[in-house]
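Scroll down for the structure; my scribbles are underneath it.
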Amino acid sequence: MDRPFPPLRLLTAFAAVVRSGSVQAAAAELNVTQPAISQAVRNLEEHIGVRLLDRGTRPARPTEAGYALAAVTTESLTRIADMLDSLRQAGSNSAKTVTVACSVGVATYWLMPRLSAFYRVNPDFMVNVVTTQSGVPALGDGVEMAIRYGHGRWSDGAVRHLFDEVVEPVCAPSLRMRFEGAVPPNAVSLLHVRSAETSWLTWSDYLAGTGQPVLRGGGQSFTNYVQATQAALEGHGMMLGWRSITGALEASGALTSAGLPILAPRDAFYLVLRNKKTGEAAETFAHWLHSHARSEYAP
């Protein structure tokens with residue numbers, strides 16, 4: 001029957017003797033007494049049945065078997081130390097990772113362009129973004145928070161107001177140039193975004209909310225805001241521009257106001273943190289998002 005593996009403390013003590021050159025130096029390195037080191041080496045020799053030190057010399061020198069065992073032990077202990085460092089690093093990275101859910105439009109045009117500012121002050125953190133095509137982004141396993149548009153009265157997490165919205169029809173500059181004044185909604189193709197979330201404003205909601213005649217039918221429909229935005233950029237029609245999403249495109253001149261009234265919806269954007277206890281990364285990112293949004297959209 002194979003003998004059990006020798007205790008790690010015996011191998012560590014012997015490797016220290018060989019590495020440092022003497023029992024005395026090994027004792028100082030490991031902060032123990034010389035008799036403790038000597039006894040550890042004897043116990044190791046008894047355990048494996050092989051003489052590891054030539055005690056006829058002063059100081060005692062490793063035997064050929066001793067050198068071989070010390071080399072393997074040192075290599076193995078180094079690999080173990082490297083693995084422990086890797087595990088600690090992985091654990092540290094995991095602790096500094098946060099996952100946020102939001103719509104495709106919010107992720108593409110609002111969140112992602114602002115992440116570089118977060119990373120500049122938090123270089124050790126990592127933000128994972130999970131997108132949804134429609135509806136309210138859900139919280140769940142692995143998703144600590146969600147950016148939602150709506151009434152803010154959700155019960156699945158702690159709700160923090162991010163910013164209010166304004167909605168204004170926008171289009172490509174080439175389309176706007178075809179008209180003397182504002183772009184008439186009945187004179188161009190209207191770009192619609194179909195969403196399962198009833199709080200998301202439609203063209204009918206906008207026209208009714210600004211006292212304009214509601215149009216029936218017509219236009220193009222898309223399943224997400226990114227597709228509709230691309231169509232508007234290419235001059236295919238006029239879309240409802242949400243300040244948080246198309247604001248940067250207007251500022252760059254890629255899109256322009258259609259000259260129609262601005263509407264302030266009753267709903268707003270909120271950050272929702274799941275009810276389960278969140279870690280350092282989630283709390284840090286939530287605080288940064290909240291502060292950043294408040295400063296960016298301050299009255």
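- Side-chain atoms of Arg176 come within 3.5 Å of backbone atoms of Gly181 as a donor-acceptor pair (strictly under, hydrogens ignored).
- Although no hydrogens or angles enter the test, the distance criterion places a donor-acceptor pair under 3.5 Å between the side chain of Asp205 and the main chain of Thr202.
- We find the CZ-CG distance between Arg148 and Leu271 to be 10.0 Å, quoted to the nearest 0.5 Å.
- Nearest approach of Ala293 to Leu162, heavy atoms of both residues: CB-O, 3.5 Å.
- To the nearest 0.5 Å, atoms CG (Asp267) and NE2 (His151) are separated by 7.5 Å.
- When all heavy atoms of Ala107 and Met112 are compared, the closest pair comes out as O-CG, 2.7 Å.
- Judged purely by atom type and a 3.5 angstrom limit, Trp203 has no side-chain atom pairing as donor or acceptor with the backbone of Met239.
- Listed for the Tyr109 side chain is no donor-acceptor partner under 3.5 Å among the backbone atoms of Gly247.
- A continuous path of Ile, Leu, Val, Met, Phe, Trp and Tyr side chains, each step under 4.5 Å between heavy atoms, connects Met126 with Val121, placing both in one hydrophobic cluster.
- The closest side-chain heavy-atom distance from Asn128 to Val130 is not below 4.5 Å.
- When side chains are defined from C-beta on, Gln212 does not count as touching Leu215, because their heavy atoms never get closer than 4.5 Å.
- The aromatic rings of Tyr270 and Trp154 lie perpendicular to each other, with more than 60° between the two planes, well past the 30° mark.
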N/O donor to acceptor pairs below 3.5 angstrom from side-chain atoms of residues 250-263, sequence neighbours left out:
| unit_1 | atom_1 | unit_2 | atom_2 | d |
| --- | --- | --- | --- | --- |
| Ser252 | OG | Ala248 | O | 3.4 |
| Ser252 | OG | Leu249 | O | 2.9 |
| Ser252 | OG | Ala254 | N | 3.4 |
| Ser257 | OG | Glu168 | OE2 | 2.4 |
| Ser257 | OG | Gly259 | N | 3.0 |

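- Cluster annotation: Leu191 and Phe179 are assigned to the same hydrophobic cluster (Ile/Leu/Val/Met/Phe/Trp/Tyr, side-chain heavy-atom contacts under 4.5 Å, transitive).
- Looking at Ile48 and Leu69, their side chains come closer than 4.5 Å, going by heavy atoms from C-beta outward.
- With contacts defined as side-chain heavy-atom distances shorter than 4.5 Å, the pair Arg9/Val32 does not qualify.
- Counting all heavy atoms, side chain and backbone alike, Pro6 lies closest to Leu44 at CB-CD1, 3.8 Å.
- Panel note: side chain Glu165, backbone Arg243; a donor-acceptor pair is recorded below 3.5 Å.
- Grouping the Ile, Leu, Val, Met, Phe, Trp and Tyr side chains by contacts below 4.5 angstrom, directly or via other members, places Val72 apart from Val41.
- Side-chain atoms of Val98 and Glu283, non-hydrogen and from C-beta on, never get closer than 4.5 Å to each other.
- By the neighbour-count criterion of 12 heavy atoms within 6.0 Å, atom CD of Gln24 is sparsely surrounded, having that number or fewer from other residues, nucleotides or ligands.
- Minimum heavy-atom separation, Gln220 to His236: NE2-O, 3.5 Å.
- A distance below 6.0 Å separates the ring centres of Tyr149 and Trp242.
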Check against side chain to side chain contact (heavy atoms under 4.5 Å, CB included), Ile147 and Leu289: CA-CA 10 Å; Ile147 299 174; Leu289 269 183; 4.3 Å; yes

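- Shown here is Arg19, whose CZ atom has more than 12 heavy atoms of other residues, nucleotides or ligands within 6.0 Å.
- In this structure the side chain of Val193 reaches within 4.5 angstrom of the side chain of Tyr225, judged on heavy atoms.
- With values rounded to the nearest 0.5 angstrom, Glu296 atom CD is found 9.0 Å from Ser244 atom OG.
- A donor-acceptor pair under 3.5 Å is absent between the side-chain atoms of Glu144 and the main chain of Ala286, judged by distance alone.
- In this structure, Ser174 OG and Leu233 CG are separated by 10.0 Å, a value rounded to the nearest 0.5 Å.
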Could you please spell out the steps behind the side chain to side chain contact (heavy atoms under 4.5 Å, CB included) verdict for Cys102 and Val129? CA-CA 8 Å; Cys102 58; Val129 181; 4.0 Å; yes

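- Ring-centre distance between Trp288 and Phe125: not below the 6.0 Å cut-off.
- Interatomic distance, Glu45 CD to Leu53 CG, rounded to the nearest 0.5 Å: 5.5 Å.
- A perpendicular orientation is assigned to the rings of Phe118 and Phe285, their planes being inclined by more than 60° (bins at 30° and 60°).
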What's the verdict on side-chain hydrogen bond (donor to acceptor under 3.5 Å, both in side chains) for Arg51 and Thr63, showing C-alpha distance, side-chain angles and the deciding distance? CA-CA 7 Å; Arg51 189 163 59 93; Thr63 62; over 6 Å; no

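- In terms of heavy-atom proximity, Thr131 sits nearest to Ser103 at CG2-O, 4.3 Å.
- For the atom pair CG of Leu201 and CZ of Arg266, the computed distance is 9.0 Å after rounding to the nearest 0.5 Å.
- Between Pro169 and Val183 there is no side-chain heavy-atom pair separated by less than 4.5 Å.
- Counting heavy-atom neighbours within 6.0 Å of His287 NE2, excluding the residue itself, gives a total of 12 or less.
- Between Ala65 and Val50, the closest heavy-atom pair is CB-CG1, 3.7 Å.
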